[in-house]
Amino acid sequence: RVAIVTGGAKPDSIGFAVAKGLRREGCEVVVGDLYEQGFAALADCLCVKTDVADPHAVQRLIDSTIKKFSRIDFLVNAVGGSWGITQQDLIASPPRGFRGLTNCELSDWRTILGANLDSAFYCARAAAPHLKKQGGAIVNVASVAARKGIPPGSEGSGGPYAVAKGGIMAMTRQLALELGEFGVRVNCVAPGVVASGRLKRVMEFTGTDRGPEGLLNTIPMGRVGTVAECAALIVALCTDDTSYVTGTTIDLNGASYAA
């Protein structure tokens, strides 16, 4: 079976761990990402440089997959970001200061929605005709930010990100309704604070006690999540072990949403 994983090229990302996990499950994996520097670590995958905020680039990703493998069984929309996804943003620290809905620039709004919500829409829309042929699964990645919002004063995230991830949850439910009759399951994973490269870059100036979504000591389990924990759940949602699970968002946050 064939899987597309967006945002899978950075070795410290959830998407990278998902790509590796799906390979272990026996899938052929196609990674769409702007971070070409990570392609060498994915020699067993087909890597396609892709700006998923561009629908034409997304279509080229889909076309490359079909040309190579003739089918698509799984789509994992793991790309995203709380401050941008240009090649420079991928390695840079976030801009300082809180960007809420009432004080962000219109360009901030458009960039964050493009990277997180538009990208998942473009990918799901382009992959759907191929997924319908034999069934399969789409897994979207949201955030605890969609459940709780981003409190003013936070660094490395903001209001547009919370809204975009809320849209991901709604889109998951809608796609599940539209694709269910074709045997295509659509689910969403909403991580809390995860020890990814994003967290490390934020903590370079916030210290070790605060992540993009707020104070770390408010997490009831007393620790942040790991990339491997998130990836394991996403991979499971692609397998037949979850064949009757669709239209749902699974929270993965150490009970920080419940607290």
Side-chain angles (χ1 to χ4, degrees), residues 6-7 10 12-15 33-35 50-58 77-125 140-174 188-207 209-216 218-219 224 230 249 251 253 256-257:
T6 67
K10 296 200 72 176
D12 56 6
S13 70
I14 294 171
D33 205 316
L34 283 174
Y35 189 70
T50 309
D51 179 357
V52 289
D54 176 358
H56 302 293
V58 167
N77 285 311
V79 78
S82 53
W83 62 82
I85 59 167
T86 67
Q87 288 181 304
Q88 181 178 355
D89 291 326
L90 290 171
I91 59 174
S93 296
R96 296 300 305 268
F98 174 71
R99 286 167 172 78
L101 297 182
T102 58
N103 72 334
C104 69
E105 299 291 337
L106 291 180
S107 59
D108 294 329
W109 171 264
R110 190 65 266 154
T111 295
I112 297 304
L113 263 69
N116 294 279
L117 182 56
D118 292 351
S119 63
F121 166 68
Y122 296 147
C123 290
R125 181 181 175 88
N140 298 316
V141 179
S143 168
V144 69
R147 301 290 200 189
K148 301 176 69 171
I150 300 292
S154 297
E155 296 276 0
S157 193
Y161 181 74
V163 172
K165 292 304 190 181
I168 287 288
M169 293 180 180
M171 186 173 69
T172 296
R173 294 189 293 270
Q174 184 62 35
C188 179
V189 172
V193 183
V194 175
S196 64
R198 171 176 174 257
L199 177 62
K200 293 173 185 174
R201 291 196 295 280
V202 171
M203 291 175 67
E204 286 174 0
F205 55 81
T206 63
D209 63 339
R210 193 175 188 91
E213 285 80 23
L215 292 170
L216 302 184
T218 62
I219 301 172
V224 300
C230 295
T249 293
D251 295 294
N253 56 42
S256 60
Y257 167 47

Could you tell me the separation between the CZ atom of R125 and the CE atom of M171, rounded to the nearest 0.5 Å?
-> 12.0 Å
Could you list the residues that satisfy side chain to side chain contact (heavy atoms under 4.5 Å, CB included) with R173, not counting sequence neighbours?
-> M169, A170
Determine, for D33 against K10, whether the closest basic-nitrogen to carboxylate-oxygen distance falls under 4.0 angstrom.
-> no
Would you call W109 and L101 a side-chain contact if the rule is heavy atoms closer than 4.5 Å?
-> yes
Do the side chains of N116 and Y161 get nearer than 4.5 Å, heavy atoms only?
-> yes
Looking at I112, I150, L117, which hits side chain to side chain contact (heavy atoms under 4.5 Å, CB included) with P160?
-> I112
Which heavy atom in S119 sits nearest to a heavy atom in V79, and how many Å separate them?
-> OG-CG1, 3.7 Å
Which residues satisfy the side chain to side chain donor-acceptor pair (under 3.5 Å) test with T172, sequence neighbours excluded?
-> N140
Nearest atoms (heavy-atom pairs only) where G192 meets V144 = CA-CG1, 3.7 Å
Does T6 reach the main-chain N or O of A78 with its side chain, forming a donor-acceptor pair under 3.5 Å?
-> yes
Any P191 side-chain heavy atom under 4.5 Å of V141 side chain | yes
State whether the side chain of K148 and the backbone N or O of S256 hold a donor-acceptor pair below 3.5 Å, judged by distance alone.
-> yes
Of all heavy-atom pairs linking Y122 and P55, the shortest is CE1-CD, 3.7 Å
Residue set satisfying salt bridge (Lys or Arg N to Asp or Glu O under 4.0 Å) with R110, at least two apart, ordered chain then number -> D118
Main-chain N/O of A53 paired to D51 side chain as donor or acceptor, under 3.5 Å | yes
Of all residues at least two apart in sequence or in a different chain, which pass the side chain to side chain contact (heavy atoms under 4.5 Å, CB included) check with N103?
-> none
